[in-house]
Amino acid sequence: RMKVYWASIEYKYINNTLKGGFVYVFIKARSQTDAYERIIEELNQMKLSISVLEFLRQYDESTKWHDAKETKHYLNLYNLANRNECCVFDTFYAYEHE
């Protein structure tokens, strides 16, 4: 049975001097390994790679965030991922340029 996993990723640009940034990603997958491989594949298509994988685990729908608005936002990303085959990315936050 497919489950929705989520990850916190620090990314970097492939073949580019830009620093990168971080993003949350949600994906429906058979396993943690399946989720990881599919996240890497989608990032590669975007010319991005993972510099740090902070975590990758099954998302708990009962997770409470800082406030109700944030909780609803992440639950919406979870639901979107549960209905799709592709990665659902939250906002990409870019690091400042050096």
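Quick note: numbers below take in every heavy atom, side chains included, and nothing from hydrogens, waters or symmetry partners.
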### Query
Quick one: are R83 and L80 in side-chain contact, heavy atoms under 4.5 Å?
yes
### Task
State the CG-CD1 distance between L48 and I9, to the nearest 0.5 angstrom.
9.5 Å
#### Entry: Pairwise side-chain contact, D90 with Y74, heavy-atom cut-off 4.5 Å (strictly under)
yes
### Task
Measure the spacing between CZ of R38 and CZ of R30 and express it to the nearest 0.5 Å.
7.0 Å
### Message
Working to the nearest 0.5 angstrom, can you tell me the gap between K19 NZ and E10 CD?
### Response
10.5 Å
### Task
Apply side-chain contact (heavy atoms from CB on, under 4.5 Å) to I39 and L56, showing your working.
CA-CA 10 Å; I39 290 167; L56 171 60; 4.2 Å; yes
### Message
In this structure, would V25 and V88 fall into the same cluster of hydrophobic residues linked by side-chain contacts under 4.5 Å?
### Response
no
### Query
K28 side chain to E85 main-chain N or O, any donor-acceptor pair under 3.5 Å?
no
### Task
Determine, using the 4.5 Å side-chain heavy-atom cutoff (strictly less than), whether L53 and I27 are members of one ILVMFWY cluster.
yes
### Task
With sequence neighbours excluded, give me every salt bridge (Lys or Arg N to Asp or Glu O under 4.0 Å) pair touching residues 62-74.
none
### Message
Aromatic contact between Y13 and Y11, with the criterion being ring centroids under 6.0 Å apart: yes or no?
### Response
yes
### Query
Are I14 and I40 joined in one hydrophobic group, where the rule is that I, L, V, M, F, W and Y side chains link up if heavy atoms are under 4.5 Å apart?
no
## Note on the structure
Here the gap from N84 atom CG to N79 atom CG, rounded to the nearest 0.5 Å, amounts to 11.0 Å
### Query
Is the shortest heavy-atom distance from the side chain of V4 to the side chain of E61 under 4.5 Å?
no
#### Entry: Shared hydrophobic cluster for L75 and L77 (ILVMFWY, side-chain gaps under 4.5 Å)
yes
### Task
Evaluate the ring planes of Y78 and Y59, with Trp represented by its six-membered ring, and classify them as parallel (under 30°), tilted (30 to 60°) or perpendicular (over 60°).
tilted
### Query
Which residue pairs pass the ring-ring contact (aromatic ring centres under 6.0 Å, His included) test with at least one member in residues 34-58, sequence neighbours excluded?
W6-F55
### Query
How about Y5 and D34: does a side-chain donor come under 3.5 Å of a side-chain acceptor?
no
### Query
Under 4.5 Å between side-chain heavy atoms, hopping through other hydrophobics if needed: is there a path connecting Y93 to Y95?
yes
### Task
Find out whether F89 and M46 are in side-chain contact, i.e. whether some heavy atom of one side chain is under 4.5 Å from a heavy atom of the other.
yes
### Message
Please check this pair: side chain of E42 against backbone of C86, looking for a donor-acceptor N/O pair closer than 3.5 Å.
### Response
no
